[in-house]
2 protein chains.
Amino acid sequence: MKILLIGANGTVGKAVAAELGTRHEIIGAGRNSGDLRVDIESLASVEKLFKEAGPVDAVIATAGSVHFGPLAEFTPEQYAIGLNNKLMGQVNLVLAGQKVLNDGGSFTLTSGIVTRDPIRYGSSASMVNGAVEGFARSAAIELPRGLRINVVSPNVLVESLAGYAPYFRGFEAVPAARVALAYSKSVEGAQTGQVYEVH
Amino acid sequence: MKILLIGANGTVGKAVAAELGTRHEIIGAGRNSGDLRVDIESLASVEKLFKEAGPVDAVIATAGSVHFGPLAEFTPEQYAIGLNNKLMGQVNLVLAGQKVLNDGGSFTLTSGIVTRDPIRYGSSASMVNGAVEGFARSAAIELPRGLRINVVSPNVLVESLAGYAPYFRGFEAVPAARVALAYSKSVEGAQTGQVYEVH
């Protein structure tokens, strides 16, 4: 398979490339690095990405920013960061990709554990992750030509714990290599409309 | 209790006012009708609403628009309609309300059955509802002064079926009066961070 991986340079992206790269051709994309560059917030930039990549069988998104901060001080503008980037960035990949992916191809998006297991300062992350999961469940029943879509919801990563531990006390961190298996299940399996929780 | 009800003129809003109005004082608000007027998309308008309403013990939102359309033709601008209105409109009520609600007060927001049980043309509704539910679960653990927040997720309403039936074939529609009970449970109970599915 030819797999377009957006966020290839991140911790999850690298683990996904390691897992799937032995069996498939990976085209890595990112904002500032990778084989191809893309600003996922812009549908035009995403359309350009697909043109440059050529026909692909799978799209994996492990990219997306959200703002973290106390609910008492959150502003609509700070919520917009996550809505524009992690949510609509991933949605843009589906809007553009549904027209050009090879028949039977798949989208695999990324949410996160805080959808259902919230943390302090995480109201935007919980919002955006819930939106990504709801969107994917619904898109799954409308995608044409056997296209599929799933979401991977990772716990905090062992590899990220150095920076995030104070926000995730008591969470049982998972290695990125274990999270990568869920992307493999989505891409190489046949399910659609699923949220794979690696918690 | 003094209850601020946004969307008081809608089908759910009227049923909520009928259920809770016998025991509590209801201040109805809406874009074009009600005791008070508000544009929930604007945080400034929501802040003005709270000033005009004075101290309240509960905020109920039964308002919010989303766009419906085929995934194949959906645009980012059409997703923005629901994100700005049904999502951020309800979030704005929490951002402003957390500072002025009486101690122990509650927010009750509205999502909908398609979060987990999607329909054709409903990718924006599923997205927005998932976002509202994720946000509320997270906000629940950060709200100060004993403030609470829950979400009611109604099935399609018996009263709305005339217009929506073709999109909800096989769904077991519920009367608005049954949905109103979930708002009563949220406002008059003591739970927080819950999604009450009236399915």
Side-chain angles (χ1 to χ4, degrees), chain A residues 41-44 46 69-80 82-84 87-92 94-96 98-99 111-112 114-145 147 149 151 193 195, chain B residues 41-44 46 69-80 82-84 87-92 94-96 98-99 111-112 114-145 147 149 151 193 195:
Chain A
E41 291 192 25
S42 155
L43 182 58
V46 169
L71 181 69
E73 297 166 16
F74 239 104
T75 65
E77 293 70 26
Q78 290 169 333
Y79 285 111
L83 294 174
N84 291 335
L87 174 59
M88 288 307 300
Q90 297 194 88
V91 169
N92 283 337
V94 178
L95 292 183
Q98 65 181 338
K99 301 186 172 119
S111 63
V114 298
T115 318
R116 320 196 126 263
D117 205 4
I119 58 170
R120 276 188 204 94
Y121 309 148
S123 63
S124 172
S126 296
M127 169 197 287
V128 163
N129 290 343
V132 169
E133 295 175 9
F135 168 77
R137 278 195 209 94
S138 187
I141 67 170
E142 285 197 69
L143 283 171
R145 303 183 290 107
L147 298 181
I149 182 169
V151 178
V195 176
Chain B
E41 291 192 24
S42 155
L43 182 58
V46 169
L71 180 69
E73 297 167 16
F74 237 104
T75 65
E77 293 71 26
Q78 290 169 333
Y79 285 112
L83 294 175
N84 291 335
L87 174 58
M88 288 308 300
Q90 296 194 90
V91 169
N92 283 337
V94 178
L95 292 184
Q98 66 181 338
K99 299 182 174 124
S111 63
V114 298
T115 318
R116 320 197 128 263
D117 204 4
I119 60 170
R120 275 188 205 95
Y121 308 149
S123 63
S124 173
S126 295
M127 169 197 289
V128 163
N129 290 343
V132 170
E133 294 175 10
F135 168 77
R137 277 194 210 96
S138 188
I141 66 170
E142 285 198 69
L143 283 171
R145 303 182 291 108
L147 298 180
I149 182 168
V151 178
V195 176

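What you see below is based on every heavy atom in this structure, not just the backbone, and it leaves out hydrogens, waters and symmetry mates. If you're wondering where the values come from, they're calculated on a predicted model, not measured in any experiment.
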| If you count heavy-atom pairs under 4.5 Å with chain B, which of A:Val114, A:Asn129, A:Ile119, A:Val128 comes out on top? |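 Ranked by heavy-atom pairs under 4.5 Å with chain B, first place is A:Ile119.
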
| said: Shorter than 4.5 Å, heavy atoms on both sides: which option in A:Ala131, A:Ala136, A:Gly130, A:Pro118 has the most such pairs with chain B? | reply: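 Most heavy-atom pairs within the cutoff with chain B belong to A:Ala131.
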
| message | Given 3.5 Å as the limit, does a donor-acceptor pair link the side chain of A:Glu142 with the main chain of B:Arg120, or not? | response |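 Not a single qualifying donor-acceptor pair exists.
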
| message | Tell me if a side-chain donor or acceptor on B:Arg137 pairs with a main-chain N or O of A:Asp117 at a distance below 3.5 Å. | response |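 Absent.
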
| request: Could you tell me which non-hydrogen atom of A:Ser138 sits nearest to which non-hydrogen atom of B:Ser126, and how far apart they are? | output: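 Minimum heavy-atom contact is CB-OG, 3.3 Å.
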
Is it the side chain or the backbone of [X] that comes within 4.5 Å of chain B heavy atoms, both, or neither?
{"X": "A:Pro70", "value": "both"}
{"X": "A:Leu87", "value": "side chain"}
{"X": "A:Gln98", "value": "side chain"}
{"X": "A:Phe74", "value": "both"}
{"X": "A:Val91", "value": "side chain"}
{"X": "A:Asn92", "value": "side chain"}
{"X": "A:Ile141", "value": "side chain"}

| message | For a side-chain contact (heavy atoms from CB on, under 4.5 Å) check, start with the C-alpha distance between B:Arg116 and A:Glu133, then their side-chain angles and the critical distance, and finish with the verdict. | response | CA-CA 9 Å; B:Arg116 320 197 128 263; A:Glu133 295 175 9; 5.6 Å; no

| said: Is B:Leu43 close to chain A through its backbone or its side chain, or both, or neither, when contacts mean heavy atoms under 4.5 Å? | reply: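 The side chain, not the backbone.
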
| message | Do B:Leu71 and A:Phe135 make a side-chain contact, defined as non-hydrogen atoms from C-beta onward lying under 4.5 Å apart? | response |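 Result yes, sub-4.5 Å side-chain heavy-atom pair found.
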
| field | Winner by heavy-atom pair count (cut-off under 4.5 Å) against chain A, out of B:Leu95, B:Thr115, B:Val132 | value |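 Most heavy-atom pairs within the cutoff with chain A belong to B:Leu95.
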
